[in-house]
2 protein chains.
Amino acid sequence: MEREQKNIQDKLDEARHQFIATIAQNMGLYGVSDTNGRLYGTVLFAERPMTLDDMSEALGMSKMSMSTGIRALMDADMVERVWEKGVRKDLYQSHDDWYQSFTSVFVNRWREAADNNQKAARRAKEEFEAFLEEAEDPYLIDVLHHDLEKVNYALGYYEWLDEVIRIFESGEIFAMIPPK
Amino acid sequence: MEREQKNIQDKLDEARHQFIATIAQNMGLYGVSDTNGRLYGTVLFAERPMTLDDMSEALGMSKMSMSTGIRALMDADMVERVWEKGVRKDLYQSHDDWYQSFTSVFVNRWREAADNNQKAARRAKEEFEAFLEEAEDPYLIDVLHHDLEKVNYALGYYEWLDEVIRIFESGEIFAMIPPK
DNA sequence: ATGTATGTACAGTATATACTTTACGGCTAA
DNA sequence: TTAGCCGTAAAGTATATACTGTACATACAT
């Protein structure tokens, strides 16, 4: 009997491991590396907050990797540090608001890109228009019109993208599609 | 005068180059590498469909890189192959539906991840429930309940994510936020 | 104050990725 | 059929990234 319960524990670990491996594999989409994904999964299913040494042992990796990995996960608001009196080591536990994680990852990544691109497009547009003032060669003028068309299209797209991002940023998305 | 027009052409190239560099830099979000982003930009602003040799010269990179790069861009529906009678070399031009590109990239990347994770979560849930049948140790039973809670939360999240993806997949998003 | 334990910076190493060179199969035109 | 060109597969090389070991700075306990 004792033996059987032990067996269940092993199988449970295996089942957890399998699940963690899958979500870790896909966590690249959140800008989280594969190994950091496994780190998150490990902390998620831990029964208690973990120390860096715990993680190091659980994953068979250096403590340094755990340190840098945890910092990345904290930056992404996926884990949080907790204090327990009498414990000197830093303790970490998962911060499980996946809806929030999704939106903030989505927003952070796209917001910056959209802003950069929009700025670059505006600048390009200005320059193209300035060139158009000076241009005399009909062919060159034609080319410039085409370029302006493209950059205007881009600007429209960025405006649209901005709206999409805003829906996630403001949380409107949760009114449109309520969390389960 | 001739000299000045030439100067404009140079400045135009520089302005294009600048814009292309920026969008290429951020194109990593679309799963497109930096250099493939520049490749796309080059094709986008080309006045005529380009051959691999054209691109090779324009970017100062090997033809092989252009070949693989173009294939990646074609897979992402960002460039298309065109035929011109009398031209033996393959010709490529940009396929400029950025709205479509965005949604299909978004959908393709997240759809697969969501499906994988959902499948893994269902499987984990089944296993956890099976273990719960066999378990006798109260502590183990408690652990299993916690695990089930987590996996149920995950399943809810995947359901939500599925809905979000569906909005982009079906094009509903364009009714909610019309393209400019 | 001083010894000890803990997290992290730094440098070195291994692995993965991007790119190039070379070589070849397939298509086209004579 | 064959000569020549085009696109790509394969192998090799360089660069970037991920990970480790060591060594140090900081904070706590005595």
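FYI, side chains are in, hydrogens and waters are out, and symmetry mates aren't considered; it's all heavy atoms of this structure. Letters A, B, ... mirror the listed sequences (proteins, then strands); counts begin at 1.
- Rounded to 10°, the helix from C/dA1-D/dT30 to C/dA30-D/dT1 has 20° between the axis fitted to its first five pairs and the one fitted to its last five.
- With sequence neighbours excluded, the residues forming a ring-ring contact (aromatic ring centres under 6.0 Å, His included) with B/Phe174 are A/Trp160, listed by chain and number.
- One can place CG of B/Asp34 at 12 Å from C1' of C/dA18, the figure rounded to the nearest angstrom.
- Shown here for A/His145 and A/Leu132, the closest heavy-atom pair between the two residues is NE2-CD2, 3.8 Å.
- Separating the CG atom of A/Asp75 from the P atom of C/dT8 is a distance of 12 Å, rounded to the nearest angstrom.
- Aromatic ring orientation, B/Phe168 versus B/Phe106: tilted (interplanar angle from 30° to 60°).
- The separation between B/Ile70 atom CD1 and D/dT8 atom C1' is 14 Å, rounded to whole Å.
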Donor-acceptor pairs are to be reported for all side-chain atoms of residues 112-124 of chain A against protein atoms at under 3.5 Å, with residues two or more places apart or in another chain.
unit_1: A/Asn117; atom_1: OD1; unit_2: B/Asn26; atom_2: ND2; d: 2.7
unit_1: A/Asn117; atom_1: ND2; unit_2: A/Tyr158; atom_2: OH; d: 3.4

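- The side chain of A/Leu52 lies closest to C/dT8 when the candidates are D/dA9, C/dC19, C/dT8.
- Against DNA chain C, the stretch residues 76-87 of chain B makes no heavy-atom approach under 4.0 Å.
- Interface residues of residues 59-68 of chain A facing DNA chain C, ordered by number: A/Lys63, A/Met64, A/Ser67; criterion, heavy-atom separation under 4.0 Å.
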Please produce a list of atom pairs where a protein N or O lies less than 3.5 Å from an N or O of nucleotides 15-17 of chain C.
none

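- The existence of a salt bridge linking A/Arg166 and A/Glu172 is confirmed by a sub-4.0 Å separation between a basic side-chain nitrogen and an acidic carboxylate oxygen.
- If you check every strand for non-hydrogen atoms under 4.0 Å, A/Asp90 touches sugar and phosphate atoms only.
- A side-chain donor-acceptor contact under 3.5 Å links A/Ser94 and A/Asp96.
- For the pair B/Lys89 NZ and C/dC27 C1', the interatomic distance rounds to 15 Å; values are reported in whole Å.
- Within the structure, salt bridge (Lys or Arg N to Asp or Glu O under 4.0 Å) pairs that include any residue of residues 23-47 of chain B comprise B/Arg16-B/Glu47, B/Asp34-B/Arg38 (at least two apart or interchain).
- Within the nucleic acid shown, B/Thr51 has no heavy atom closer than 4.0 Å to any nucleic acid atom.
- One interatomic measurement links the two molecules: CE of A/Met55 to C1' of C/dG7, which rounds to 12 Å at whole-angstrom precision.
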Side-chain polar contacts of residues 63-79 of chain A - donor-acceptor pairs under 3.5 angstrom, sequence neighbours left out - could you list them?
unit_1: A/Ser65; atom_1: OG; unit_2: A/Ser62; atom_2: OG; d: 3.1
unit_1: A/Thr68; atom_1: OG1; unit_2: A/Met64; atom_2: O; d: 3.3
unit_1: A/Thr68; atom_1: OG1; unit_2: A/Ser65; atom_2: O; d: 3.1

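- For the side-chain contact (heavy atoms from CB on, under 4.5 Å) test, no residue two or more places apart in sequence or in another chain qualifies with B/Glu126.
- A/Val82 belongs to a hydrophobic cluster whose other members, connected by ILVMFWY side-chain contacts under 4.5 Å either directly or through intermediates, are A/Val87, A/Leu91.
- Put simply, the side chain of B/Phe19 does not reach to within 4.5 Å of the side chain of A/Phe128, judged on heavy atoms.
- Not counting sequence neighbours, A/Glu149 has no partner by the salt bridge (Lys or Arg N to Asp or Glu O under 4.0 Å) test.
- Note on A/Asp54 versus A/Arg48: no salt bridge recorded, every NZ/NE/NH1/NH2 to OD/OE distance being 4.0 Å or above.
- The hydrophobic cluster of B/Trp83 has no other members, since no ILVMFWY side-chain heavy atom comes under 4.5 Å of it.
- In this structure, B/Asp54 places its CG atom 13 Å from C1' of D/dC6, rounding to the nearest Å.
- In this structure, the CZ atom of B/Arg71 is 15 Å from the C1' atom of C/dC19, given to the nearest Å.
- When each of C/dC19, D/dT8, D/dC5 is scored by its nearest atom to the side-chain atoms of B/Arg88, the top-ranked nucleotide is D/dC5.
- Rounded to whole Å, the distance from CE on A/Met50 to P on C/dT6 is 16 Å.
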